[in-house]
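Okay, structure first, notes after.
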Amino acid sequence: MEITNDIKYVGVNDHEIDLFEGQYLVENGMAYNSYVIMDEKITVMDTVDANFKDEWLDNVKAAVGSESPDYLIIQHMEPDHSANITYFMEAYPDAKIISSAKAFVMMKQFFGTDFADRQIVVKEGDTISLGRHILHFVAAPMVHWPEVIVTYDAYDKVLFSADGFGKFGALDVEEDWACEARRYYIGIVGKYGVQVQNLLKKAAGLDIQTICPLHGPILKENLGYYLDLYNTWSSYSVETEGVVIAYASVYGNTRKAAELLAEQLKEKGCPKVIMNDLARCDMAEAVEDAFRYGKLVLATLTYNNDVFPFMREFIHNLTERNYQKRTIGLIENGSWAPTAAKTMRNMLEGCKELTFTDTTVKIMSALNEESKTAIEALAEELCR
Ligand code: FEO
């Protein structure tokens, strides 16, 4: 696949993977992107996952033909991109690695060598000329690890964006970009909104015509759409108006409360109501929804004087990703000492700019007239 006259795609599709990064379901697989820039100095951008060593090396060979790469640029040391560095260096003994100082430290940790006599260390603002192509290196710490650099090719106006602008899904499957890019972003980079904002500010000064991420499709058209979404996500702004009801229920009584609330929200004209049964849904989808929509209702039974484990995991997933700037409603259930609302509030204590509804719904075992009235009041508040 040619991206420009000089830049070729040499990445791979992974349909064997069960869990990406050990936790994310990827029904449509995953792509590990890698690129070759053909110029006086031939340059390979990143490697791919360990399981695809041979396919990737074959792709590189096919792209460079009878020539040999001069440089391997490593933008990110997470093994889905760095696993094949050693094999590449063996295959091309004259090649040098260009990367950040922190990345070389990690190389030594992962591979026992930092290729001391074959390394070129770059930092923010450095450039390297390949001939026609002048590569500018931009530090992107914590997008998604501390060593990350992204690379701007001023000749073809391409931003090699590392994990930024990536998504789940192999490239041979057609699917909506935003849905799986959002789940990917919130799950993997969501904690680092400030750092992504910093990178977006640097990117704003560049004339970018193409974005080449390390996962997901190459973005060539309507780049403003993708940049706007990244700005929304990384600033923790509300992307879509609506209410997410995330619930955990054992015998169905808390679920009935969640369903009643959903019904009333719809009746009152709430633009969008999303229900997530935390024991059964994809946790990453539920987390994505919480970050996408403006309002979140947490409904759970009290369990071992705490909240039900799936709710605890869900809230932990939110707080570790700097969940903020949202409206929260709480529904608790308990048969003798309901304390779940207090526990949930405490768990969310460190989150910035959360607004709790005045109404908190308390259910004693099952819905009754009193708790139904409270649900109505909660629906009213959430629709205001
Ligand atoms: Fe795609 Fe952070 O590795």
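The basis for the numbers below is simple: all heavy atoms, side chains too, and nothing from hydrogens, waters or symmetry mates. Just follow the structure's listing: the first ligand is 1, and inside any ligand the first atom is 1.
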Are Y184 and D163 close enough, and set up right, to give a side chain to side chain donor-acceptor pair (under 3.5 Å), and what steps lead you there?
CA-CA 10 Å; Y184 171 90; D163 274 344; 3.1 Å; yes
Indicate yes or no for a side-chain donor-acceptor contact from R292 to the backbone of E241 under 3.5 Å, with no hydrogens or angles considered.
no
Chi angles and distances behind the side chain to side chain donor-acceptor pair (under 3.5 Å) call for H133, D153:
CA-CA 6 Å; H133 296 258; D153 170 12; 2.6 Å; yes
Is there an N/O/S atom in E78 at a distance below 2.8 Å from atom 1 (Fe) of ligand 1?
no
Is the side chain of E332 donor-acceptor paired with the backbone N or O of A340 at a distance under 3.5 Å, no angle test?
yes
Heteroatom N/O/S of H215 within less than 2.8 Å of atom 1 (Fe) of ligand 1
yes
Only N/O/S atoms count here: what is the atom of H144 closest to atom 2 (Fe) of ligand 1 called?
ND1
With a cut-off of 2.8 Å, does any N, O or S atom of D163 fall short of it relative to atom 1 (Fe) of ligand 1?
yes
Return yes if a side-chain donor-acceptor contact under 3.5 Å exists between D14 and N51, otherwise no.
no
Contact flag H76/atom 2 (Fe) of ligand 1, N/O/S atoms, threshold under 2.8 Å:
yes
Looking only at N, O or S atoms, which one in D80 sits nearest to atom 1 (Fe) of ligand 1?
OD2
